[in-house]
Amino acid sequence: MANGARVSNVPNWLSGSMVARKHVLFGIGSFLLPLLVWCAVSYLPFVWHPKVLIAAPGGADYFQVGMLVDKSVFDEEFANMQAQNLPVPKGEPANPIYLPAPHEVAKAFYTSFSKAPQQKDLPWLHESLWHSITIIFWGFLISSLIGVPLGVLSGTYPTLSHLSEPFIEFFRYLPAPAFGALAVAVLGIYDAPKIAIIVVGTLFQQILIIANTTRKLDSTIVEAALTLGTKRMRLLTRVVVPGILPDLYRDQRILLGWAWTYLIVAELIGTSSGITWFITQQARYQHFDNVYAAIMMIGIIGFGTDILLARLGRRLFPWDRSQKKE
Amino acid sequence: MNNTSINKSYLDQSEAVRARFDAIKQRNVILEARNLGKCYPSQQGDVEALRDINFKIHRREFVCVVGPSGCGKSTLVRTLAGLEKHNSGEVLIDGKPVNGPGQDRGMVFQGYSLFPWLTVKKNVMFGPEMNGYGHDEAERDALLWLELVGLSKFANAYPHQLSGGMRQRVAIARALVNQPRILLMDEPFGALDAQTRAKMQSHLLEIWRNVDITILFITHDLDEAIFLADRILVLKAHPGEVQEMIEVPVPRPRSMGQFTDAEFRATKQRLEQLIHPPVSSEESDEDKGIKPHLIRFTHVTDNVE
Ligand SMILES: Nc1ncnc2c1ncn2[C@@H]1O[C@H](COP(=O)(O)OP(=O)(O)OP(=O)(O)O)[C@@H](O)[C@H]1O
Ligand SMILES: [Mg+2]
């Protein structure tokens, strides 16, 4: 049934499969393009490569094998050695340490799951990630438990919205990270203040967005329900909520994305933890391949969750037509 | 009465028609509007949408409301339904004043007002469930009504999978399953193509003949009004007032063949006279003051006519 409905909703001015194939191709392309640029910068020695990796120091006494020096420094020493008739240094063009090549990051990606971290005190990548995910989960859950009902109510009852929305409008301009010190003072240094920052960052937007979504519900639907004898509370639970559900779900997906953007700031508060701590520690030891692997992991998790939620949405709301256009 | 141009006046009724109207007037009054008035507040002061509306509708009568665009037809029906608050007068159902919407007045809207998240069957079950019937009873009634409007096969489809005509059938079933005293319909077939519309008109008459239901039907299509109605309430604009209540002299049962009958043409002529008065048509038009000024955008030799 759900499948049948989906097929009938593909625009018929273009064959459906053609549109779908084009979308998939473009989707892959949008990832391949930046990857190609990265490969070009990493593997083509004549593209960028501002450093030189020393292979043989020659007569330059402070050069060592494996050392990265600026190209200008290398050229200068090269000329010096030539002038003094000493053996010239040898080296290959290289990129700075903070730009590892794709294969190095891919390897780091793999080893971060397969090999214990080099430093004893460092957590595994997946442990850090899991910690971050729990922070997001609790932050978003608490925010939603307050924000969704409040949003729906103030979207339904104008009095409530006049009473609450001016303050919320004001509050949402206060940057959530600014509450960091306060959160630590009140909630301690562990996970609670981090969750609080995510709640502060998400909640106020959430109320406004969901109230707005609720207000956009087609008034004929509400009126039809009224003429069928629906009374107050039932109107909310049987008409307003199901009526806005697909849009509410979409809002929640977008808001979950925002919650992720507050994560890094939140995790720096109190004792730094989770993926942020992993990243800062790895950067301190100059394991930039690990840093990139961790950053990408965040992207993969965020993007992956959103795709899964979009699919789930299509299953949950077979009547919703706008969802299929995504 | 000064219509000398046609041989038959819309006031002339055959024996059968007169007897029918006499019988109707003997029946109970279902809906009565008494001195009904309605103002919309707006920036340029109040807009008086309805003024001193008075009429009665008897049991199982079919009344149509016509009038120029913006004369307050929708306002009238929404006020009767309780979706708008009236400023003066009262609305009586079975002699008792009503305020706010209720299950005793069913409504079918022009736009598709079905609940998109419910299947056709669940849409029809919605009313009974809201009014305290159990699931099984509601389902039984819903299936019966879907049978009556011919949509049993689509019981488990979602509204967006239906055509416009089918959706309005569901909307009618959904309103009638509640057993309202009166069915209010605001241009319900306005968005349908001519063929579907004709089918729906016959279908609605069929339902009306077989079910104990009184209907107030808004339309801007004069043929539709004459074809369907026992009486036609003609409104005039700014403010919306009752201009005339016309008893349609076209005998029942109605058929498409009657469109060319003398009674039909006389009634239509009268309606046109009332709604588009020949002299002051420009002033009564709500678009007065809008004068299009066209410039030519095509080459002088590029003519279409
Ligand atoms: N919510 C509103 N606020 C202010 N004025 C309104 C409102 N609704 C309707 N009106 C005004 O009341 C008058 C009657 O409107 P209404 O929609 O009832 O007319 P109508 O006869 O149904 O028109 P149509 O034939 O276009 O459907 C119009 O002049 C309109 O501008
Ligand atoms: Mg209208």
Side-chain angles (χ1 to χ4, degrees), chain A residues 1-12 16 152 156-158 213-214 216-251 312-326, chain B residues 74 77-78 80-84 98 100-120 122-133 138 142 154 156-162 167 170-180 182-186 188:
Chain A
M1 178 96 199
N3 268 325
R6 201 173 312 157
V7 171
S8 70
N9 277 317
V10 171
N12 51 8
V152 172
T156 311
Y157 302 110
T213 295
T214 310
K216 275 194 293 202
L217 178 65
D218 192 353
S219 64
T220 347
I221 284 179
V222 177
E223 289 179 345
L226 285 171
T227 61
L228 291 169
T230 317
K231 295 288 178 309
R232 298 222 135 226
M233 201 51 209
R234 284 258 183 101
L235 195 65
L236 203 63
T237 57
R238 295 288 301 267
V239 182
V240 176
V241 171
I244 62 167
L245 214 51
D247 289 324
L248 184 95
Y249 185 82
R250 233 186 320 263
D251 289 347
L312 182 68
R314 260 173 271 169
R315 274 208 169 222
L316 288 175
F317 314 115
W319 71 87
D320 182 38
R321 313 197 70 183
S322 47
Q323 197 128 13
K324 279 153 201 147
K325 299 206 183 86
E326 282 175 23
Chain B
S74 297
V77 79
R78 290 171 56 79
L80 296 175
L83 296 173
E84 303 278 358
V98 285
Q103 158 221 6
D104 50 352
R105 284 147 293 148
M107 179 132 174
V108 176
F109 300 80
Q110 171 173 16
Y112 305 123
S113 58
L114 298 179
F115 306 124
W117 63 93
L118 295 178
T119 60
V120 165
K122 292 265 172 63
N123 259 283
V124 182
M125 285 168 66
F126 187 88
E129 283 185 344
M130 284 302 118
N131 294 297
Y133 289 84
F154 294 89
N156 292 316
Y158 282 99
H160 74 84
Q161 296 169 309
L162 305 183
R167 288 187 214 181
V170 179
I172 292 171
R174 184 180 65 172
L176 288 180
V177 71
N178 252 355
Q179 296 179 307
I182 186 164
L183 182 62
L184 307 167
M185 307 178 87
D186 187 359

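Quick note on labels: first sequence line is chain A, next is B, and so on, each numbered from 1.
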Report summary line: Here the pair of heavy atoms bringing Phe109(B) nearest to Ala224(A) is CE1-CA, 3.6 Å
Report task. Could you tell me which portion of Leu118(B) (side chain, backbone, both or neither) has an atom closer than 4.5 angstrom to a non-hydrogen atom of chain A? Result -> neither
**Report entry** Minimum-distance pair of heavy atoms, taken over all atoms of Trp117(B) and Arg238(A)
**Finding:** CZ2-O, 3.4 Å
**Report entry** Reported OG1-to-CG distance for the pair Thr227(A) and Leu183(B), which is rounded to 0.5 angstrom
**Finding:** 9.5 Å
Query raised in the report: Does some side-chain heavy atom of Glu223(A) sit less than 4.5 Å from a side-chain heavy atom of Met107(B)?
Result: no
Query raised in the report: Do you know which of Gly111(B), Pro116(B), Gly127(B), Pro159(B) has the most heavy-atom pairs with chain A at a distance under 4.5 angstrom?
Result: Pro116(B)
Query - Smallest separation among heavy atoms of Glu129(B) and Arg234(A), with atom names - result: O-NH1, 3.6 Å
Report task. Return the minimal non-hydrogen interatomic distance between Arg174(B) and Leu228(A), and the atom names on each side. Result -> O-CD2, 3.5 Å
Report task. Determine whether Phe115(B) and Pro242(A) make a side-chain contact, defined as any pair of heavy atoms from C-beta on separated by less than 4.5 Å. Result -> no
Report summary line: Value for CG (Leu235(A)) from CE (Met130(B)), rounded to nearest 0.5 Å, stands at 9.0 Å
Query - Closest non-hydrogen atom pair between Phe126(B) and Thr230(A), with its separation - result: CE2-OG1, 3.3 Å
Requested in this report: Between chain B and each of Val222(A), Ile221(A), Asp218(A), count heavy-atom pairs under 4.5 Å; write down the option with the most.
Outcome: Ile221(A)
